[in-house]
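Heads up: the structure comes next, in structure tokens.
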Amino acid sequence: MEFFEAFVNMSGGSFAQHMVNGISLGSLYAMIAIGYTMVYGILLMINFAHGDIVMMACYFTFFGISVFHIPWYLTFILVIITTALLGVVIERAAYRPLRDAPKNSVLISAIGASFLLENLANYLFSGRPLRFPNIEVLSQNLSLGSVQIQAISLFIPVVTIVCLMILLHIVNNTKIGMSMRAVSKDYEIARVMGINIDNVISITFAIGSALAAIGAIMWGIRYPGITPMLGVMPGLKCFIAAVIGGVGNIKGAVLGGFILGLGEIIIVAFFPQLSGYRDAFAFIVLIVILFYKPTGLLGEKTTEKV
Amino acid sequence: MAKKRNLILTVILLAGLFGLAWYINFETDSYLRRIVNLCMVYAIIGLSMNLTNGFTGQFSLGQAGFMAIGAYAVGIFTVPVSLRPSVFYAAPMHPAIADIHMPLWLALIVGGLCAALVAFLIGAPVLRLRGDYLAVATLGFSEIIRIVITNAQTITNGALGIKDIPPLNDVRYIFAFTAAVFIFITALINTSYGRAFKAIREDEIAAEAMGIDLFKHKSLAFMLSAFFAGIGGGLYAALLGTVDPKNFLFTLTYNFLLIIVLGGMGSITGSMIGSILVTAGLEFLRIFDEPLELFGVAIPLFRPGFRMVIFSVLLMALVLFWRRGIMGTREFTWDKTIAFCKNPFGIFGRKGVDKA
Amino acid sequence: GGEKKDAAKSDVIKVGVFLPLTGDNAAGGELELRGIKLANKMHPEVLGKKVELVVADNKSDKAEAASVAARLIEKDKVKVIIGTYGSSLAMAAGNIVKENKVPAIGTSCTNPQVTANNDYYFRACFIDPFQGTVMANYAFKNGAKKVAIIQEVSNDYAVGLAKFFKEAFVKLTGSPDSIIEVANYQTGDKDFSAILTNIKAKNPDVIFAPGNFTESALLIKQARQLGLTVPFLGGDTWETQEFIDVGGKDVEGASLSTAFDREKASTAEAKKFLDAYVKEYKGEPSALTALAYDAYLIAIDGIKRAGTATDSVKIRDAIAQTKDLEAVTGKTTLDKNGDAIKAAVIKTVKDGKFKYTDFVDVK
Amino acid sequence: MTILRTDGIMMRFGGVVAVSNLQIKIEEHEIVALIGPNGAGKTTAFNMITGIYTPTEGNVLYTDEHGREVKITGKKPSDIAKLGIARTFQNIRLFKELSVYENVMIAKHLHLKADFFSAALHLPHYKAEQVKAEVEVEKLLKSVNLWELREEKAFSLPYGQQRHLEIVRALATNPRLLLLDEPAAGMNPKETEELTAFIRKIREQYQLTIFMIEHHMELVMDISDRIYVLDFGETIASGTPQAIQDNERVISAYLGVEEDA
Amino acid sequence: MLKVEELVVAYGGIEALKGISLEVPAGKIITLIGANGAGKSTLLRTIIGLVKPKSGRITYNDKDLTGLNSQKIVTTGITLVPEGRRVFSNLTVWENLKIGAYMRKDEAEIAKDVAWIYSMFPRLEERSWQLAGTLSGGEQQMLAVGRALMSRPRLIMMDEPSLGLAPLVIKDIFRIIQEINAKGMTILLIEQNANMALKIADWAYVLETGRITLEGTGSDLLANPEVRDAYLGKKKS
Ligand SMILES: Nc1ncnc2c1ncn2[C@@H]1O[C@H](COP(=O)(O)OP(=O)(O)OP(=O)(O)O)[C@@H](O)[C@H]1O
Ligand SMILES: Nc1ncnc2c1ncn2[C@@H]1O[C@H](COP(=O)(O)OP(=O)(O)OP(=O)(O)O)[C@@H](O)[C@H]1O
Ligand SMILES: [Mg+2]
Ligand SMILES: [Mg+2]
């Protein structure tokens, strides 16, 4: 009833605006969710620190542009590289020693890594927010009729889709992709096949973290406040997006990202009085979807072979 | 024979500890009392978490949510009726509950039962999930609970929180609860039900084929865990004298995770040790937050925030180098202790069949 | 070093300071610590003894806040405590100070519950109901007829302000429809586009949006991006450099109520404070810094009038009698609840600075 | 009396039909073997009977101890176990980290009547049940010489003993029908012979019906009363060992031409 | 060419191999038989570098392999068909074969080898695009053998390739073992099926709880009454 009222009362302009907002948020979620899924797909572990890698990438960008005054396009490239390295370092320090450990240990180590990054950022950069560098070209406003759109919002979906395509190609059609999938199932035997599993896992982390960096840059331009806790909520939501889509499935991550992004906007748009429950929405969707599809929308349906 | 001896020893130990609690309560300062109380409350919650995560092998991260339920039950029902208007100053309390007042022990049990009920309801959808999926779903549930509490202004006072909960800082009271929870869980784990939980942890399919109803037992463990977490949360609220939704962020659960990992997943005595080490350890690490002067030179490393960096490094080092925790799945038992006292170096030898 | 402290026990007076120096509220804690340190520098002695600050971090966490307060009392034997930013943190310590009969003076904990039913908690700041009412009056005075409220629903401070704003504004206009929308968001949210799109469609005259400065700055930025040009009103939490840093030119024109401004600084203490602040930290002091400074003044004034630094109950009684104390944020008197009765200043962001625009005295 | 009957069960995984229209009938106290090439669908048939998979089509019917025929399709594995069907697995699935003793005690849980509360409080009626279970478990473990090793963790046992332990664990549920999935896999001929004797012994001792998948033909031919042969999910033959050994289709699909050593 | 000297391997404190010496000369089929838990798999896992020995030496064509990691060891031309198959369940049959040839660069030859393996195991060709995880046990075993062959090893070690296979398939596998041996590959075979294994072996070792207790030609051991009694069963010969 309320929904109907809200719908009728909504002008075409508002509706279009909501859709634009939703797509932009959704593709941001998708972008970060892909990184989760990448790592999960190979190591079968939630990289709890992924959200915090996003946070670190934001600080890197800040230092690049606002402190060292490197041109923004160069900074972006540097940030992507540095963040990829950070991902590799985290993998080496926190996950590699646990290769043969039970899954729970790895999960705990991941939580520990996430905790460490947050506390470290807090200690080094203080809890006070910094402003993400303003890049006029990307953050300027454009008007399309009554719809207002930020330049970056036009790029976000495009970048996300392009990254998706590249990634799918790598995983499905290249030798490294094949070895990634092999490593994910049985790394002992993968070694026997002559695969250097440490390299494969490092590459996976590098790619995942590079994606986090791209996501972070777009996130930062769109929501320009940097704090040590910045990664927590997006991290959690994007992880949920990945799970909704089917963890390990790259297309699923994108689908999940869009469902969450658009869903959140729609909740607030049509049920304004529920706006306080917006964050709960992600979790409710998650639980409902898992109830019907325990491995997510596009996750492979597995009957465990007995 | 040995059984009887063990029982006597246990009773002596408990009595001794209770005496210690009595001493702490009357002879020491309130700072120490607070730390001791916090240790015990954390132990209850650690134990509750171990029941699902350690014994039943269901990696659940919902403890903060269940604690919140227990804490709010205490918050809502124990604040004196006369003080309620000043607590609920922004929007008056819902008339249905505005006049219900309970003594603390009753509110604790009500809170525990509510948490168990919620666990029962959410168990149906989430307990079908495995591993990471379960972890995220339960974590999500604890967030939902928190968000609902935030928005339910007339019942929970929303973000304003509830204060004027009659303060509890009586070590004996909390000790009694902790001991009861400890004894109950220990007893339960050593029954057929406890074995069934462990069977589920080891291999769900085999357990099912052996006639163990997966859902029923997971649900039982989950509800018991929620019940005790609710009690723990209630004690926590009474200890602080105030609650608000921000207390129960999902990151709170990580504290208990640390406790059970440190103590050893699947070890009751491990959880007890873990909770003492974590709570006391965090207090001890506080020196890292205070400026340090060595020979008149201020060491720049030591400033607020450093403690948490060290804490997280320790957490990681722990899982990296000592992943089974202090106790693993073993327990402290009288038999082993006595054997150890008789032959302190025996543990280095090969372990034989030592039961008669 | 602990030994040194013990040796010098007799000739120093220890004052406990507990603030969130890490965690969510670290920024606020930091600013307040400045004020307290500055005050300590300006007034290093009372009763002929040196005042030593014992600073403890409550990590923006309630359990920590309680432990830390207990620790200050038991281990460091302080007889008076200053702090804290964040009402829930203050409330967590409330029982401790009450139980141990050690008075505490809140810096910027504005929730009425902090001092209610607690004889040992006082504060140097005004409270949420007052601030909400002040802003409602200001909006009404400037011709607003239709207001939208966007509150940070998980923040006690924001919820309190919003509630009293709403009540006052409805009373002023006489029409419940004058509040056209109350929208909620959670701490840590980054995307407000949906809320704002809805509100834009309803054409408010002004938006009242109490909340954390980070979220608020992002909120206002996004409003401007969506072409929403109406003024934003908020509370004293906005008054930080970060609000302007993050918000940039988009927060130009945003107004807030606060406790202190250079232009309205009437007391001699304020002049001293301003000079010292500029010397020490450069730039413009925040109201939080000023309030924290005042909290310190209230504490040592209490000790002075009590004539003892060891009997905490006497100190409490003296603090409760605080009247017309020369403080930075004006002459300070504590009411029967222990709350400071104080005038409010309205400031507006202009050219990247908080500029004085109005003054609201207590009736 | 027929104890188990499958009524045209079929199992499909995606596009693959693992079992189609399977008709099996097992009489009480029989030993029946299920053989067939790899991938024929034998394990899948077991999984459908024990409730781990739900058949895409068809029904599994079981006659309980009161002589009533009940439909067990779609029932939970645990309920099926309670009705008296126990099994072992092709890839051993013991509770690895638990002791030998606990492994077997767990199987006694399904008959426990006491609720968790009276168990935790060690009330007399719970204790009585436990004492009875302990006696039975002791007897079972002694029968396979595992009593001495009862404190060892299951994973530390040699493979052969793990197989025995798995069978004993299944027996501890007091089954009427025991399903064994390749019990002799990984055993050398000598161990296989011992196993044959052991299976015979337990059948007599516990009045069991046994349904077994096996590739060791000596064992199968030696012990079975009847044999079903599966290929590509379908039954290609059934009958006495002798008949099967001589069946042309079975020879070409599975046994191969006998060559002498 | 492969030489193991005084090898000791321990899991935790318990020694699974207590000083083993053996030799695998080029071009031969060497069999290792022994009861469950004798340490046969442990030996192979140690040779391929999945387990690190406590002491002893492993050399291959005079190159010291002791303590190297698997990845290095396989480049010398050794491969393993692991116990329990362990195919990559999330890769298709074809991809499993391709990954067997991971270290090779000669695409054309790889394609030929795939065809060769398909001709040996037509069942795999039918299932070329099916995920390996959904194959039955026997099909997976064929794939595991095929995958190992794809690296064109000079020494192929097989850990109970007949485990859980139908008699017909076992015969196939043994035929193939002889076939590839005829092509010049050296084979180190572990079997429970001692009868068949000894028949094709040039030389055989008997392993008992971590020690080698007997060795000899296949036919010698087949005739040895102790062996017959312990591993072959009474009936049939
Ligand atoms: N990962 C491990 N940890 C501890 N002990 C192990 C491990 N793997 C094997 N063992 C032990 O080492 C001994 C030898 O095992 P191994 O697997 O090598 O035997 P095997 O001869 O291959 O037997 P099977 O015929 O059953 O395959 C056994 O006692 C086994 O229990
Ligand atoms: N969970 C599953 N998902 C997909 N396919 C499956 C699954 N379980 C079995 N199959 C397929 O069903 C067919 C029958 O498998 P099953 O395991 O029943 O064979 P089996 O007769 O027991 O063979 P083996 O003797 O080799 O164990 C096989 O082709 C297998 O690939
Ligand atoms: Mg099978
Ligand atoms: Mg083996």
Side-chain angles (χ1 to χ4, degrees), chain A residues 6 9-11 13-18 20-22 24-25 28-29 119 122-123 126-132 134 139-143 146-150 153 219 222-230 232-234 236 261 264-270 272-280, chain C residues 20-31 59-60 148 150-154 159 181-202 212-219 221-228 240-250:
Chain A
N9 292 341
M10 189 169 289
S11 68
S14 286
F15 184 75
Q17 183 72 55
H18 279 306
V20 167
N21 298 341
S24 141
L25 183 65
L28 261 181
Y29 281 165
N119 287 321
N122 201 349
Y123 176 70
S126 95
R128 311 176 63 171
L130 297 173
R131 190 199 194 290
F132 193 87
N134 188 25
S139 60
Q140 64 183 309
N141 270 333
L142 310 169
S143 312
S146 67
V147 177
Q148 301 291 318
I149 186 164
Q150 210 185 357
S153 298
W219 185 276
R222 183 108 181 84
Y223 311 116
I226 316 174
T227 62
M229 295 293 147
L230 166 116
V232 177
M233 251 311 170
L236 201 56
E264 281 189 9
I265 298 286
I266 287 172
I267 279 274
V268 181
F270 293 132
Q273 56 289 46
L274 293 185
S275 53
Y277 290 95
R278 171 176 171 167
D279 285 345
Chain C
L21 299 174
T22 54
D24 290 344
N25 300 335
E30 198 72 43
L31 289 175
K59 273 184 58 198
S60 315
I150 304 177
Q151 62 177 349
E152 185 180 343
V153 70
S154 50
V159 173
E181 170 126 10
V182 179
N184 300 316
Y185 67 89
Q186 300 270 341
T187 313
D189 277 359
K190 299 282 181 326
D191 181 273
F192 308 98
S193 56
I195 298 180
L196 291 165
T197 303
N198 279 344
I199 285 178
K200 188 183 171 197
K202 295 195 173 166
N212 271 334
F213 55 83
T214 327
E215 280 83 352
S216 300
L218 287 178
L219 174 84
K221 268 189 101 62
Q222 286 174 37
R224 301 303 180 230
Q225 272 152 19
L226 289 170
L228 193 59
T240 59
Q241 190 52 44
E242 285 82 3
F243 178 71
I244 292 176
D245 287 348
V246 174
K249 62 181 192 317
D250 291 326

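Each chain gets a letter, A, B and so on, in the order its sequence line appears, and its residues count up from 1. All of these numbers come straight from a predicted model, not from anything done at the bench.
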Chain A interface, residue from C:Gln222, C:Gln241, C:Glu152 that has the most non-hydrogen pairs under 4.5 Å: C:Gln222
Derivation and outcome, side-chain contact (heavy atoms from CB on, under 4.5 Å), residues A:Asn141 and C:Arg224: CA-CA 9 Å; A:Asn141 270 333; C:Arg224 301 303 180 230; 5.7 Å; no
Contacting region of C:Glu181 [heavy-atom separation from chain A under 4.5 Å]: side chain
Nearest non-hydrogen partners of A:Asn21 and C:Thr197, listed with the distance: ND2-OG1, 3.1 Å
Leading residue by heavy atom contact count with chain A [cutoff under 4.5 Å; candidates C:Asp189, C:Ile195, C:Val182]: C:Asp189
Interatomic distance, A:Leu28 atom CG to C:Lys190 atom NZ [nearest 0.5 angstrom]: 12.0 Å
Reported CD-to-CD1 distance for the pair C:Gln225 and A:Ile149, which is rounded to 0.5 angstrom: 10.5 Å
Nearest heavy-atom neighbours spanning C:Ser193 and A:Ile265: OG-CD1, 3.6 Å
Winner by heavy-atom pair count (cut-off under 4.5 Å) against chain C, out of A:Gln148, A:Arg222, A:Met233, A:Glu264: A:Gln148
Under 4.5 Å from any heavy atom of chain A - which part of C:Gln151: neither
Contacting moiety of C:Glu30, where chain A heavy atoms sit under 4.5 Å: side chain
Heavy-atom contact with chain A under 4.5 Å, split by part of C:Phe243: neither
Proximity breakdown for C:Leu226 and chain A, heavy-atom pairs closer than 4.5 Å: both
Interchain contact, A:Leu230 with chain C, by part (heavy-atom threshold 4.5 Å): both
Heavy-atom check, side chain of C:Asn184 versus side chain of A:Arg278, under 4.5 Å: no
Shortest non-hydrogen separation from A:Tyr223 to C:Asp191 and the atoms involved: OH-OD2, 2.5 Å
Heavy-atom pair with the smallest gap, counting every atom of A:Pro224 and C:Lys221: CG-CE, 3.4 Å
Shortest non-hydrogen contact between A:Pro129 and C:Thr214, atoms and distance: CG-OG1, 3.8 Å
Contact summary for C:Val246 and A:Arg131, nearest pair of heavy atoms: O-NE, 3.4 Å
Under 4.5 Å from any heavy atom of chain A - which part of C:Leu31: side chain
